[in-house]
Number of protein chains: 2
Amino acid sequence: MQSKVTLADVAAAAGVSKMTASRAMRGARDVSPKTVERIQRIAAELGYMANHVAASLANNRSDLIGVVVPSLSNIVFSEVMSGIEDAITGSGLQPFFGVTGYDPDREYRIVRQMLSWQPAGMIVTGLDQDDLTTQMLRVAPLPIVQIMDTDGDPVDMCVGFSQREAGAGMARMLLEAGRKRFAYVGCGLDRDTRGAKRRAGYLETLAAHGITDVPERIVGGLSSVAAGKAMTAEILTAHPKLDAIYYSNDDVAMGGLFHCMEAGIPIPDRLTIAGFNGVDISASLPAPMATTRTARREIGAAAAAAILNRQGRGTKSPLPALQTLEVHHVLDARISVTTS
Amino acid sequence: MQSKVTLADVAAAAGVSKMTASRAMRGARDVSPKTVERIQRIAAELGYMANHVAASLANNRSDLIGVVVPSLSNIVFSEVMSGIEDAITGSGLQPFFGVTGYDPDREYRIVRQMLSWQPAGMIVTGLDQDDLTTQMLRVAPLPIVQIMDTDGDPVDMCVGFSQREAGAGMARMLLEAGRKRFAYVGCGLDRDTRGAKRRAGYLETLAAHGITDVPERIVGGLSSVAAGKAMTAEILTAHPKLDAIYYSNDDVAMGGLFHCMEAGIPIPDRLTIAGFNGVDISASLPAPMATTRTARREIGAAAAAAILNRQGRGTKSPLPALQTLEVHHVLDARISVTTS
DNA sequence: CTGAAAGCGCTAACAA
DNA sequence: TTGTTAGCGCTTTCAG
C-alpha cells in the first residue's frame with residue numbers, strides 16, 4: 001500500500017524537514033536545485049503521491065474549478081468543456097463537472113456540493129438559476145462565470161451571447177430569404193430557458209413583421225432527432241404549405257430534415273430547416289440546413305481565462321460593475337433564396 | 001463572507017460541542033431528534049456550508065468517484081456518465097470526470113491527479129492504459145472498474161464486452177446477409193484501441209471465410225461525420241462494387257450514409273453501411289444503417305454499483321480473482337438480405 | 001536557503 | 001445522548 005507514503009516519509013528519507021520537501025515538490029523557488037532534484041528523486045522512488053485534500057485544507061482553497069452544464073447529450077457542452085480544458089492546461093487547475101439535466105433542484109445540489117470542495121472558481125451554464133442557487137453563488141468568495149447567455153443579470157462574470165437575439169437573427173435571415181410561412185418546433189422548453197429565449201426572439205421578430213400565425217409543436221423531455229422527426233411529420237400534415245421551420249436546436253432540426261428527405265420534400269427549395277448551434281454534423285448532411293454557429297469552445301476558453309485572471313485573490317473584484325463578454329455567433333445561411 | 005462560517009460557529013451558536021454539531025449535520029443516528037433539528041436550523045440561519053475538504057482529510061477518503069473517459073465528442077461516453085450518475089444517486093458519492101482525448105500521457109496525469117484527491121473509487125475506460133498508469137491503479141487502495149472492454153487483464157474489476165467479438169459479430173451478420181465485397185473505414189485507430197480491436201475481429205472473421213481482400217481507409221484524428229463522408233467517397237471511387245462497409249463507429253458511418261445518399265447509391269439494397277454503438281440518431285436516419293447497439297448506460301450503472309458494493313472497505317477484495325461483468329450488445333440488422 | 005511551530009475544519013475513538 | 005482528545009497531511013507564518 002504505497003499510497004501511505006507521506007511527505008514526512010519523503011522528508012525523512014531525504015534528511016530534510018517536511019517544509020523543504022513540500023517546497024521541493026511544488027514550484028520550489030526558494031530551495032537549492034540540488035536539493036529539489038534529490039527530493040524529487042526520492043519521492044519518485046518511494047512512490048510518493050501528493051494528497052490534494054490536505055493541501056487544499058491547508059490553503060483553504062483547492063485547485064479545482066467546478067463546471068456545471070445542463071446536459072451532455074448535446075455535443076455543445078462537450079465542446080464548452082473542451083474549451084475550458086484547453087484554456088487551463090498548464091495552470092494547475094482541474095475542471096470538475098456536474099450535469100443538472102435541466103433540473104433546478106439538482107443544479108442547486110450540485111452547486112452546493114461543488115462549493116463545499118472550496119474550488120478556485122466556478123463556471124455555470126446560464127443566467128437563470130433559482131433563487132437559492134443564485135444567492136449561494138453570490139456570496140461564495142470565488143470567481144463565478146455564467147456562460148452561454150447574456151439576457152439577464154450575472155452573479156459575477158458572464159461570457160456568452162444573447163439567445164433572444166440569436167432567435168431574432170434567424171427570423172430576420174429567413175424573412176430576407178423570402179420565406180413566408182413560418183413554424184416553430186422544439187423540445188423541453190419548460191426547462192431549457194435558453195431555447196425558450198430563442199423561440200421568443202424568433203416569434204417577436206416575426207410578429208414585428210406582421211406574422212403572427214406561427215404554428216408550433218413543442219414537447220417536453222430531452223432534445224432528440226426522433227422527436228424532431230415526429231413533430232415535423234405532424235406539423236407538415238397540419239400545415240403542408242410551410243416554407244420555414246425553426247427548431248430548438250440542430251438535433252431536433254436534423255430529425256425534421258430526415259423526415260423531409262423520406263417524404264420527398266425538396267430541401268431547401270420548398271422548405272428551410274433551421275437549427276441552432278452549428279454542430280459539426282450539420283455541415284455534412286445530405287441536404288442543407290440553416291443554423292446559427294455558436295462559438296462554444298471560445299466561450300469555454302474565455303470563461304476559464306476569466307477565472308485565471310482572478311487567480312490569487314480569494315475575493316471578487318472590488319468593482320461593483322459586472323463583467324460581461326459578448327461572444328459572436330454566426331448565421332449559416334444554406335437557404336435557397338426564393339424570388340417572390 | 002458567509003463561507004467562513006464553520007462547524008465550530010454552528011456548535012457555539014447552538015451551545016453544543018463541535019462533535020454533536022458534526023453528527024447532527026450528517027446522518028445523525030446517535031443524536032436526539034430535537035437537537036438535530038435545532039442544529040440544522042441554526043446552521044441554515046448562519047449560512048453554514050460543509051467543507052468536504054476537511055471532512056475528507058479527517059476520513060482519509062473523499063466521497064468523490066473519479067471517472068476517466070477518452071472523449072466527450074462521442075455521445076456514448078455521455079451516456080456512460082448518465083448511467084453512473086443514476087446508479088450513485090442518493091449514495092452521497094459524487095462523480096468527477098476527466099477526459100483524456102485518447103492520449104496516454106494525459107490519461108496518466110489525469111489518473112494521478114484524481115488519485116491525489118483520495119477518491120472512493122475510480123472508473124476508467126478501457127483496459128489498455130500504459131504501464132505507469134496501470135501500476136498506479138494497481139497499487140491504489142480503492143476499488144477500480146475498467147469499462148467498455150473485456151479483451152485483456154483488468155486491474156481490479158471490469159464491466160463491458162469483447163470489442164473483438166463485436167467486430168466479429170458484425171462480420172458474421174454481413175456474411176449471413178449475403179454480402180460479398182467488404183471494406184473497412186475508420187478514424188483514429190492509432191489511439192482508439194477498442195476501435196482497433198473491433199476492426200481486428202472483423203478482418204479475422206472475414207479471413208476465416210476466405211475473404212482477405214478487404215480495402216480500407218483509415219485516418220488519424222477524431223471520429224467525425226465529415227471524415228466518414230470523405231473516406232467513403234474515396235473508397236467507393238476506387239472500389240465501386242463494394243456491398244458492405246464497416247466503420248469504426250456510428251459517426252463515421254453516418255458520413256458514409258450521407259455520401260451514398262448524395263451520390264444516389266441505394267442504401268441498403270446495393271450497399272450496407274455498418275456502424276457501431278447504436279446511438280439514438282442511427283434509428284432516425286433517412287436510410288437504414290446496420291449497427292451494434294451497446295448498453296452504455298448499463299455499463300456505467302454496473303460500474304458504479306460495483307464500487308458501491310465495495311464501499312466501506314478501503315481495501316480491495318481479498319479474493320485474487322478479478323471480477324468481470326460481461327454486458328450484452330445487440331446487433332441491429334437493417335440490412336437488405338440479398339438472395340445470391 | 002532551511003526549519004519549527006501552529007493550524008486549516010473536520011471526524012474517529014474513546015469517555016462520561 | 002453528548003463531550004474530549006487527537007490527529008488527518010499539508011502549508012503558512014516566522015525564525016534561523
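It should be emphasised that the depicted structure is a prediction, and the values quoted were computed from it without experimental measurement. Proteins come first, then strands; the chains are lettered A, B, ... in the order of their sequence lines, and each starts at number 1.
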Just to confirm, is there a sub-4.0 Å distance from OP1 or OP2 of [N] to any side-chain nitrogen or oxygen of [X]?
X     : N      : answer
A:N51 : D:dC8  : no
A:N60 : C:dG9  : yes
B:R26 : C:dT11 : yes
A:N59 : D:dT12 : yes

Out of [options], whichever nucleotide has its closest atom nearest the side chain of [X]:
X     : options               : result
A:S32 : C:dT2, D:dT12, C:dG9  : C:dT2
B:L57 : D:dC10, D:dG3, D:dG9  : D:dG9
B:Y48 : C:dC10, D:dC10, D:dC8 : C:dC10

Under the side-chain contact (heavy atoms from CB on, under 4.5 Å) rule, what do A:Y102 and A:E107 come out as? Steps first, then yes or no, please. CA-CA 8 Å; A:Y102 292 99; A:E107 180 171 55; over 6 Å; no

A:L64 and B:W117, any side-chain heavy atoms less than 4.5 Å apart: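 Contact flag for B:W117/A:L64 side chains = yes.
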
Which residue, B:A58 or B:P33, contacts DNA chain D at a nucleotide closer to its 5' end, judged by nearest heavy atom? B:P33

Rounded at 0.5 Å granularity, tell me how far CD in B:Q146 sits from CD in B:Q129.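 The CD atom of B:Q129 is 5.0 Å from CD of B:Q146, to the nearest 0.5 Å.
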
[X] [atom1] - [N] [atom2] separation (whole Å):
X      : N      : atom1 : atom2 : result
A:M49  : D:dC8  : CE    : P     : 20 Å
B:R23  : C:dC14 : CZ    : C1'   : 10 Å
B:W117 : D:dC10 : CH2   : C1'   : 12 Å
B:D63  : C:dC10 : CG    : C1'   : 13 Å

Could you list by number each residue of residues 13-20 of chain B showing a heavy-atom separation from DNA chain D of less than 4.0 Å, or answer none if no residue does?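 Heavy-atom cutoff 4.0 Å gives B:V16, B:S17, B:M19, B:T20.
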
With a non-hydrogen cut-off below 4.0 angstrom, is A:T35 in contact with a base, only sugar-phosphate, or nothing? sugar-phosphate

